[in-house]
Amino acid sequence: MACGKDRSNPDPAAMQRVVLVTGPSGAGRSTAINVLEDLGFEAIDNLPLSLVPRLLDGPSRPGPLALGLDVRNRDFSAANLIELIDRLTRNPHYAPEVLYLDCAPDTLLSRYNETRRRHPLAPDGSPLMGVTSEVDLLAPIRARADVLVDTTELSPHDLRAELGRWFDTRPDRRLSVSVHSFSYKRGVPRGLDLMFDCRFLANPHWEKGLREMNGTQAEVQDFVCRDSRYEEFFSRIRDLIVFLLPAHVEEGKTHLSIGFGCTGGQHRSVTLVEKMAVALADAGWPVSIRHRELERRMTASPAIGEVLPASAAGQGAIRPGNAS
């Protein structure tokens, strides 16, 4: 029996969008479900696979649907889930997608050890046994994923932003801009659309009075801005970004992530982010700021299963008209 009612010649625009959300325990499935609900999806978590056809046979829903599928459900198996995916794919009334939240096994194990929770596949054994069994069980589903998000190094805020790229299709959504500072010593952050290296600018680290300060402070900003190359560099990058933003809007993009990196992620990149965010806000764009290295130093990252509001995790928002 195919999922859904027998409705011939469906309107493509009226197809029911169904996102099946799964992945190993501890990778962030519950967080993802909450994020999708915030994005306008009707979200149902821990739904047994056998009930999905019954749910879809019911009245048509006006909005997209997100279903969280968990290995703890009694009828869960890779074969059953693949069969469900195939049935939905064959049905012209549905537009199914598989969102798979992936994570490195050692990180999953660390999360279980930190929370002292038992793994659902090894309630009487070690978490390592459960993690290994679940990764093996879900391997065929991972191979079928339409969207695969690796949460190994993502905070809840990062996961929210990444899912927004894929699933935020609200018609009234404006393109928003996030500007990030980071340290090249820790590697390039995931998900940046544009990235600029400002390590050539004069480094406040070598000034004794500025070493312990950061680029949010006026003294550091003044030092960086006195570099003879700063003004031309800043104005060229600002003009490039302002030129590109309307083009991204025309392409239907809802979020643009811009990164500025320096050696330590404390002085030069932070200064550029602070200055650029104000310039883009003055140009009329909704802008948010994130200083990744400063966040690392202030507080440890929260667990991926915890959902943070948009203003948390070190993120500051700048809106047009209040960019002072």
Side-chain angles (χ1 to χ4, degrees), residues 2-5 10-73 75-103 134 137-151 154 156-173 191 252-255 304-305 307:
C3 294
K5 296 181 178 179
D11 179 0
M15 293 177 66
Q16 177 73 61
R17 187 181 190 187
V18 182
V19 177
L20 306 176
V21 186
T22 192
S25 304
R29 193 197 72 258
S30 296
T31 300
I33 285 290
N34 290 331
V35 171
L36 291 173
E37 187 171 26
D38 291 342
L39 295 177
F41 283 74
E42 180 182 353
I44 305 174
D45 200 6
N46 294 328
L47 184 68
L49 288 177
S50 60
L51 296 183
V52 175
R54 300 183 192 180
L55 174 71
L56 298 178
D57 279 338
S60 299
R61 288 169 167 74
L65 187 64
L67 305 179
L69 305 174
D70 191 337
V71 298
R72 290 173 290 186
N73 288 324
D75 60 356
F76 185 95
S77 73
N80 288 342
L81 181 49
I82 289 174
E83 180 184 1
L84 173 64
I85 296 168
D86 290 339
R87 291 166 67 184
L88 288 174
T89 301
R90 290 192 300 265
N91 192 315
H93 305 293
Y94 297 102
E97 300 166 79
V98 177
L99 167 61
Y100 189 94
L101 285 304
D102 201 11
C103 188
E134 189 173 23
L137 171 66
L138 293 174
I141 308 303
R142 186 182 187 278
R144 292 291 299 269
D146 297 290
V147 178
L148 190 150
V149 178
D150 188 342
T151 69
L154 299 185
H157 174 80
D158 295 329
L159 179 56
R160 178 179 292 273
E162 183 66 17
L163 294 180
R165 295 169 179 270
W166 289 99
F167 298 105
D168 193 348
T169 57
R170 293 171 293 182
D172 59 345
R173 170 69 183 254
K253 198 172 181 67
T254 59
H255 181 264
I304 193 69
V307 177

Practice prompt. Could you please spell out the steps behind the side-chain contact (heavy atoms from CB on, under 4.5 Å) verdict for Leu49 and Leu81?
Written response: CA-CA 7 Å; Leu49 288 177; Leu81 181 49; 3.9 Å; yes

Worksheet item: Can you find a pair of side-chain heavy atoms, one from Leu101 and one from Leu159, that are under 4.5 Å apart?
Response: yes

Worksheet item: Given side chains that start at C-beta, do those of Ile82 and Pro140 come closer than 4.5 Å, heavy atoms only?
Response: yes

Worksheet item: Taking all non-hydrogen atoms of both residues, which atom of Phe41 and which atom of Phe167 are closest, and how far apart?
Response: CE1-O, 3.6 Å

Worksheet entry | Distance (rounded to the nearest 0.5 Å) between Leu20 CG and Arg144 CZ | 10.5 Å

Discussion item. For Val98, is there any backbone N or O sitting under 3.5 Å from a side-chain donor or acceptor partner on Asp146?
Written reply: yes

Discussion item. Return the CG to CG distance between Leu36 and Leu99, rounded to the nearest 0.5 Å.
Written reply: 6.5 Å

Fill in: Beyond-backbone contact of Leu65 with Arg17, side-chain heavy atoms, under 4.5 angstrom
no

Response to the item:
dist Ser77:OG -> Leu137:CG (nearest 0.5 Å) comes out at 7.5 Å

Response to the item:
CD1 of Ile85 to CZ of Arg87, rounded to nearest 0.5 Å, is 12.0 Å

Worksheet entry | Glu42 side chain vs Leu67 backbone, donor-acceptor pair below 3.5 Å | no

Worksheet item: Minimum heavy-atom separation for Gly23 to Glu134, with atom names?
Response: O-OE2, 4.1 Å

Worksheet item: Of Asp45, Thr22, Asn34, which meets side-chain hydrogen bond (donor to acceptor under 3.5 Å, both in side chains) against Arg29?
Response: Asp45

Worksheet entry | From CG (Leu138) to CG (Leu69), nearest 0.5 Å | 10.5 Å

Item to complete: Determine whether the side chains of Asp86 and Thr89 contain a donor N or O and an acceptor N or O closer than 3.5 Å.
Response: no

Practice prompt. Looking only at non-hydrogen atoms, find the nearest pair between Glu37 and Ala43 and report the distance.
Written response: CB-CB, 4.0 Å

Item to complete: Report the C-alpha separation of Asp70 and Leu47 in whole Å, then their side-chain angles, then the decisive distance to 0.1 Å, and conclude whether the side-chain contact (heavy atoms from CB on, under 4.5 Å) test is met.
Response: CA-CA 8 Å; Asp70 191 337; Leu47 184 68; over 6 Å; no

Discussion item. Given 3.5 Å as the limit, does a donor-acceptor pair link the side chain of Glu97 with the main chain of Val147, or not?
Written reply: no

Discussion item. Working to the nearest 0.5 angstrom, can you tell me the gap between Leu56 CG and Asn91 CG?
Written reply: 8.5 Å

Worksheet item: Are side-chain heavy atoms of Arg160 and Thr31 found at a separation under 4.5 Å?
Response: no

Practice prompt. Indicate the atoms forming the closest heavy-atom contact of Ala27 with Thr151, along with that distance.
Written response: O-OG1, 2.8 Å

